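Reviewing the structure listed below.
Only this structure's heavy atoms are used, side chains among them; waters, hydrogens and symmetry mates stay out. Just so it is clear, the structure is predicted and the values come from calculations on it, not from any experiment. All residue numbers in this chain count up from 1 along the given sequence.
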Amino acid sequence: QDERDNDEDSEDEAERKRLPNALIIGAKKGGTRAILEILKIHPNVRACSSEVHFFDRDENYNQGLKWYRQQMPVSLPGQITIEKSPSYFVTPKVPERVYRMSKYVKLIVIVRDPTRRAVSDYTQSLERKPDNPPFEEIVIDEDGEINESWSKVIIGRYADHLSQWLKFFPLSQFHFVSGEELIERPAREIQLVEQFLNLRPHIKEENFYFNDSKGFPCFIGKISNSGSVSKTHCLRETKGRKHPAVKEEVLKRLHEYFRPLNKKFYEMAGRNFHWP
Ligand code: A3P
């Protein structure tokens, strides 16, 4: 029995807040919001609408598991509770803290070509700091090498982060989602997540349509935490931004930089993501 079970032994049948059974731990800009929103189509999934940042921020973690549980939506027995905070994947103290909550919790990681992920992350940062130097100037350091101290590069070193998590959790407790496939073939990709979460098959091709003006799939049949069903639903305009053009030679260098790390990650994760 882990701490979660001990904390929740009583009132098994009631609708109440429960600690998460599954966490979407990252990776930032991989498509974490999309996967959470798609999973909400399933009637047996309840999810926090905002990122809780319990395990990575001391001011939250120090409030304890009771506080964390309070942040969860209410659920019925048989429904699973999911939370996503993408910084969990890359924050060194998080795996042990999660393990202390539950050694059985399921862990979902959505990954995307780390070069494109870096550009996406940089694009997001431009909103807060429009005066940021161009991507090319930050990603290459004064010695002409890839700037390995830049968070946009560090986050894409997936094998490094996964190895920290594997010190606490077996590989069988992880599920890796392809960010690219979630856009190309969302139904197929989400069905793999349903299987991993032991959810009965529910989400189908009919739950998706490609929205030309957004340039991304949008969703049909989202169930809110209050139980109402919205007909169609796209992610906000902050998801699926236009990226600034980055010089081809710099992208090529980044791809070369990430290639051996990606290969290692494919081996660790047991899935080839076919990034360039
Ligand atoms: P871009 O904005 O760079 O295109 P996160 O939610 O982890 O921040 O990830 C954001 C990314 O989710 C977006 O990055 C986009 O590529 C991806 N994404 C996947 N499915 C999407 C969808 N249906 N609608 C919008 N963005 C989606």
Side-chain angles (χ1 to χ4, degrees), residues 2-4 18-40 45-58 60-61 65 68-69 71-73 80-114 117-118 120-121 124 151-152 154-182 189-190 192-199 239 261-262 264-266 268-271 273:
D2 57 36
E3 264 187 74
R4 184 184 59 208
R18 294 168 166 86
L19 285 170
N21 312 80
L23 296 173
I24 299 169
I25 56 176
K28 185 184 180 195
K29 306 318 295 171
T32 56
R33 173 58 59 186
I35 198 161
L36 192 73
E37 291 301 312
I38 299 168
L39 281 172
K40 282 197 211 163
V45 171
R46 286 288 171 266
C48 300
S49 32
S50 52
E51 295 174 6
V52 180
H53 290 281
F54 176 65
F55 297 104
D56 59 318
R57 294 192 185 154
D58 288 349
N60 293 336
Y61 190 70
L65 285 175
Y68 188 38
R69 176 137 63 98
Q71 312 312 308
M72 298 298 139
I80 61 168
T81 300
I82 302 185
E83 192 244 320
K84 81 113 173 159
S85 296
S87 40
Y88 290 167
F89 187 47
V90 298
T91 310
K93 62 192 165 198
V94 168
E96 184 172 3
R97 287 178 169 186
V98 173
Y99 180 85
R100 279 205 231 130
M101 173 188 76
S102 166
K103 60 179 176 181
Y104 305 114
V105 71
K106 294 192 174 189
L107 303 164
I108 296 170
V109 193
I110 175 161
V111 284
R112 149 191 206 189
D113 170 10
R117 198 219 67 80
S120 169
D121 203 350
Q124 172 165 290
S151 66
K152 311 312 180 224
I154 295 171
I155 295 173
R157 296 177 56 99
Y158 302 139
D160 292 353
H161 309 303
L162 181 58
S163 64
Q164 294 305 311
W165 282 86
L166 287 172
K167 291 180 182 163
F168 292 90
F169 296 95
L171 191 63
S172 57
Q173 255 163 269
F174 292 84
H175 179 72
F176 300 95
V177 177
S178 158
E180 288 86 2
E181 284 293 305
L182 194 71
E189 197 63 25
I190 211 75
L192 297 173
V193 182
E194 284 183 331
Q195 283 169 26
F196 170 70
L197 293 173
N198 289 327
L199 289 164
K239 305 293 174 181
L261 290 158
N262 289 344
K264 190 169 164 209
F265 177 69
Y266 301 163
M268 290 169 85
R271 180 170 180 180
F273 292 91

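The shortest side-chain heavy-atom distance between I108 and I25 does not fall under the 4.5 Å cut-off. With contacts defined as side-chain heavy-atom distances shorter than 4.5 Å, the pair V52/N60 does not qualify. The side-chain heavy atoms of M72 and C48, taken from C-beta on, include a pair separated by under 4.5 Å. Looking at heavy atoms from C-beta onward, H175 lies out of side-chain contact with L107 at the 4.5 angstrom threshold. A 4.5 Å side-chain heavy-atom check between L197 and I80 finds at least one atom pair inside the cut-off. Side-chain contact check for L65 versus F54: some heavy-atom pair is nearer than 4.5 Å. Using a 4.5 Å heavy-atom threshold, the side chains of Y158 and V109 count as separate. Considering only heavy atoms from C-beta on, L23 comes within 4.5 Å of V98 through its side chain.
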Legend entry - side chain to side chain contact (heavy atoms under 4.5 Å, CB included) evaluation trace for F169 with V105: CA-CA 9 Å; F169 296 95; V105 71; 4.0 Å; yes
Inset, instruction - Would you sort out whether V111 and F265 count as a side chain to side chain contact (heavy atoms under 4.5 Å, CB included), showing the intermediate values? - result: CA-CA 10 Å; V111 284; F265 177 69; 3.9 Å; yes
Legend entry - Steps toward side chain to side chain contact (heavy atoms under 4.5 Å, CB included) verdict (V45, L199): CA-CA 9 Å; V45 171; L199 289 164; 3.6 Å; yes
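Between A47 and L36 the shortest heavy-atom distance is CB-CD1, 3.7 Å. Between T32 and P86, the closest heavy-atom pair is OG1-CG, 3.7 Å. Minimum interatomic distance between P20 and E83 (heavy atoms only, all atoms of both residues): CB-N, 4.3 Å. For the pair G31 and I110, the tightest heavy-atom approach, listed with the atom from each and the gap, is O-CD1, 3.7 Å. In this structure, A27 and F89 approach most closely via the heavy-atom pair CB-CD2, 4.2 Å.
Evaluation of the side chain to side chain donor-acceptor pair (under 3.5 Å) rule for Q71 yields no partner, not counting sequence neighbours. Evaluation of the side chain to side chain donor-acceptor pair (under 3.5 Å) rule for Q173 yields no partner, not counting sequence neighbours. A search for side chain to side chain donor-acceptor pair (under 3.5 Å) contacts involving K29 returns Q124, not counting sequence neighbours. By the salt bridge (Lys or Arg N to Asp or Glu O under 4.0 Å) test, K93 pairs with D58, sequence neighbours left out. Listed by chain and number, the residues in a side chain to side chain contact (heavy atoms under 4.5 Å, CB included) with Q164 are K167 (sequence neighbours excluded). Residues forming a side chain to side chain contact (heavy atoms under 4.5 Å, CB included) with I154 (at least two apart in sequence, or on another chain): H161. R271 pairs by the salt bridge (Lys or Arg N to Asp or Glu O under 4.0 Å) definition with E189, not counting sequence neighbours. Listed by chain and number, the residues in a side chain to side chain contact (heavy atoms under 4.5 Å, CB included) with P95 are W165, F168 (sequence neighbours excluded). Every residue two or more places apart in sequence or in another chain was checked for a salt bridge (Lys or Arg N to Asp or Glu O under 4.0 Å) with E194, and none qualifies. Residues forming a salt bridge (Lys or Arg N to Asp or Glu O under 4.0 Å) with K239 (at least two apart in sequence, or on another chain): none. Residues meeting the side chain to side chain donor-acceptor pair (under 3.5 Å) test with K152, sequence neighbours left out: none.
Atom CD1 of I82 sits about 10.5 Å away from atom NZ of K40, to the nearest 0.5 Å. How far CZ of R117 is from CD1 of I155: 4.5 Å, rounded to the nearest 0.5 Å. Between I35 atom CD1 and I24 atom CD1 the span is 5.5 Å, to the nearest 0.5 Å. Between the CG atom of D160 and the NZ atom of K264 there is a distance of 6.0 Å, given to the nearest 0.5 Å. The OG atom of S151 sits 6.0 Å away from atom CG of D121, with the distance rounded to the nearest 0.5 Å. Summarising the geometry, atom CE belonging to M268 is positioned 4.0 Å from atom CG belonging to L162; distances are rounded to the nearest 0.5 Å.
If you look at F55 and Y68, their ring centroids are closer than 6.0 Å. Aromatic rings of F273 and F176 (six-membered ring for Trp) have centroids beyond the 6.0 Å cut-off, not under it.
For residues 104-113, no pair satisfies salt bridge (charged side-chain N to carboxylate O under 4.0 Å, His left out), with sequence neighbours left out.
Looking at T91, its side chain does come within 3.5 Å of a backbone N or O of S87 through a donor-acceptor pair. At distances below 3.5 Å, at least one donor-acceptor pair connects side-chain atoms of S85 with backbone N or O atoms of H53.
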